[in-house]
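By convention here, the first residue in the shown sequence is residue 1.
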Amino acid sequence: MMKVYICPKCGWIRTVSRRNEVECFKCGNEKMVLAKIPYEKYGKMSEKERKDYSESWLYIHRNSI
């Protein structure tokens, strides 16, 4: 099952299938966070929608992580 992870530092999104601990290849953060968006929905999003999701996620979670 595919999972969507997001970096709490830079907002980069990564999909993985078997890993529970995921590192960010963009900024080097060692611990990405599991996003609450299902892979099926993420897969149907355009690049702009993905960028908007990432920016919104960072805005909402910037003080909680």
Side-chain angles (χ1 to χ4, degrees):
M1 182 164 123
M2 296 296 288
K3 300 175 191 170
V4 180
Y5 282 82
I6 189 164
C7 179
K9 289 187 177 180
C10 70
W12 187 65
I13 297 175
R14 180 176 172 193
T15 58
V16 297
S17 62
R18 297 182 184 180
R19 302 187 66 187
N20 289 328
E21 295 196 17
V22 182
E23 68 278 355
C24 178
F25 293 148
K26 186 174 179 184
C27 74
N29 183 22
E30 295 180 4
K31 186 111 174 148
M32 293 180 76
V33 177
L34 183 62
K36 292 185 178 181
I37 186 170
Y39 177 77
E40 294 76 20
K41 185 173 181 179
Y42 175 78
K44 293 178 183 177
M45 295 169 84
S46 68
E47 284 298 317
K48 182 178 181 338
E49 290 172 323
R50 292 176 182 183
K51 186 174 192 262
D52 290 344
Y53 177 83
S54 173
E55 290 172 354
S56 299
W57 191 95
L58 284 174
Y59 180 78
I60 293 168
H61 293 92
R62 68 177 167 204
N63 293 326
S64 64
I65 293 181

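- With rounding to the nearest 0.5 angstrom, the CZ atom of R19 is 5.0 Å from the CZ atom of R14.
- Put simply, L34 and V16 are part of the same group of oily side chains (I, L, V, M, F, W, Y) that touch within less than 4.5 Å, one to the next.
- A distance of 8.0 Å separates CE of M32 from SG of C27, quoted to the nearest 0.5 Å.
- Here I37 pairs with V4, A35, K41, Y42, M45, Y53 under the side-chain contact (heavy atoms from CB on, under 4.5 Å) rule; sequence neighbours left out.
- Atom NZ of K9 has 12 or fewer heavy atoms from other residues, nucleotides or ligands within 6.0 Å.
- Considering every non-hydrogen atom in both M2 and S17, the closest pair reads SD-CB, 3.5 Å.
- Considering every non-hydrogen atom in both W57 and C7, the closest pair reads CZ3-O, 4.3 Å.
- Separating the NZ atom in K26 from the CD1 atom in I13 is a distance of 10.5 Å, to the nearest 0.5 Å.
- Taking 4.0 Å as the cut-off between side-chain N and carboxylate O, E55 and K51 count as a salt-bridged pair.
- Between W12 and F25, the shortest heavy-atom contact is CZ3-N, 3.5 Å.
- Taken from CD in E23 to NZ in K31, the straight-line distance is 11.5 Å, to the nearest 0.5 Å.
- Between M1 and Y39, the closest side-chain pair of non-hydrogen atoms is not below 4.5 Å.
- Proximity of P8 to N29: side-chain heavy atoms (C-beta onward) are separated by under 4.5 Å at one or more points.
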